[in-house]
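A short worksheet on the structure shown next.
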There are 2 protein chains.
Amino acid sequence: MLSNGGCPKTMLSIKDALEAVEGRWKLLILFSLSERTKRFKEISRDLNGITDKTLSKELKNLEENKLISREVFSTFPPKVEYTITEHGMSLEKVLDELHFWGLLHRQ
Amino acid sequence: MLSNGGCPKTMLSIKDALEAVEGRWKLLILFSLSERTKRFKEISRDLNGITDKTLSKELKNLEENKLISREVFSTFPPKVEYTITEHGMSLEKVLDELHFWGLLHRQ
DNA sequence: GAAAGTGCTATCCAAAAGGAAAGTAATATC
DNA sequence: GATATTACTTTCCTTTTGGATAGCACTTTC
């Protein structure tokens, strides 16, 4: 049984969480960054299929929500590193559960 | 540390899971149904803000993915009951984690 | 001196999502 | 006989999403 099934307050919490994480890329980006700090192109390669434009937008959004941080190095070619924050890491269990469920669901 | 951070296979599992659950309504519908079997209008009231059209489409999609089941009673006014399946219930932990994280995230 | 590499941004366009509002069918209620 | 109820579907229209492509800035490599 789900805890608090249908409870309006719990519903709001879930709604909040979903907003910070919605779309098919954000959680995957966080998952990629959970391995280690990465650069733009590395993430792009990990995700396989995302366009530069979309990745750029998603990263901005994640940064605004403090789920990742961004560090710019003034070199050429440009170098920008993205790191998952503690707050981002706190989504660990959501990702884990999603992973397990994804394995199950395929069958 | 997230389990298997960045691992491509895990990434695919998560991608699969996300597809079955994407959009801002599906998880909330499942959460509502986790309380008990409900009729169309009951779910609609629980979700607060969803239109009939969207709810109808989401329910169809959830049924196709075997996350809920649908029972029609040939009465008037029409009565249709939706029940979460075991497979749907297996998302319990995802919802729970999302709930806890949602509470945390608001601050 | 052409090409490759990096992290974007901008433009254009197609597809999808989603809201608002009305319609339907049969019964029961006032 | 008008009205309400239920679970949709349909139409119309706006917003959002996202793909494809090109460009830029500067250095290094061939």
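Throughout, a chain's letter reflects where its sequence line sits, starting with A, and its residues are numbered from 1. Keep in mind that the numbers below use all heavy atoms, side chains included, and drop hydrogens, waters and symmetry copies.
Of the listed nucleotides (D:dT9, C:dG19, C:dT11), D:dT9 has the atom at the smallest distance from the side chain of B:Asp52. The listed nucleotides are D:dG18, C:dG7, D:dT9; the one nearest the side chain of A:Pro78 is C:dG7. Closest to the side chain of A:Ser56, out of D:dT6, C:dC8, C:dG18, is C:dC8. In this structure, the nucleotide among D:dG19, C:dG18, C:dT6 sitting nearest to the side chain of A:Thr51 is D:dG19. Taking the side chain of A:Lys57 as heavy atoms from C-beta on, and the options C:dT9, D:dG18, C:dG5, the nearest nucleotide is D:dG18. Nearest nucleotide to the A:Thr54 side chain, out of D:dT6, C:dC8, D:dG18: D:dG18. For B:Arg24, whose side chain is taken as the heavy atoms from C-beta onward, the closest listed nucleotide among C:dG18, D:dG19, C:dT6 is C:dG18.
Straight-line distance from the CD atom of B:Glu71 to the C1' atom of D:dT6: 16 Å, rounded to whole Å. Going from atom NZ of B:Lys26 over to atom P of C:dA17 covers 8 Å, rounded to whole Å. Residue A:Ile29 contributes atom CD1, which lies 11 Å from atom P of D:dG18 at whole-angstrom precision. Atom-to-atom, CH2 of A:Trp25 to P of D:dG18 comes out at 9 Å; the value is rounded to the nearest Å. In this structure, the NZ atom of A:Lys38 is 20 Å from the C1' atom of C:dC8, given to the nearest Å. If you measure from atom CD of B:Glu22 to atom P of C:dA16, you get 12 Å, rounded to the nearest angstrom. Atom CD1 in B:Ile50 sits roughly 12 Å away from atom P in C:dA20 (whole-Å rounding). For the pair B:Lys53 NZ and D:dT11 P, the interatomic distance rounds to 11 Å; values are reported in whole Å.
Residue A:Lys60 places at least one side-chain N or O under 4.0 Å from the OP1 or OP2 atom of C:dT9. For A:Arg39 and C:dT6, the shortest distance from a side-chain N or O to OP1 or OP2 is not below 4.0 Å. For the OP1/OP2 pair of D:dT6 and a distance below 4.0 Å, the side-chain nitrogens and oxygens of B:Tyr82 include no atom meeting the criterion.
Taking the charged nitrogens against the carboxylate oxygens, A:Glu58 and A:Lys26 do have a contact shorter than 4.0 Å, which makes a salt bridge. With salt bridges taken as basic N to acidic carboxylate O contacts below 4.0 Å, one links B:Glu42 and B:Arg36.
Ring geometry for B:His87 versus A:Trp101: interplanar angle under 30°, hence parallel rather than tilted (30 to 60°).
Looking only at atom types and distance, the side chain of A:Trp25 has no donor-acceptor partner in the side chain of A:Thr54 under 3.5 Å away.
Put simply, the side chain of A:Tyr82 does not reach to within 4.5 Å of the side chain of A:Arg39, judged on heavy atoms.
Residue contacts shown for B:Lys79 are limited to sugar-phosphate atoms, with no base heavy atom under 4.0 Å away.
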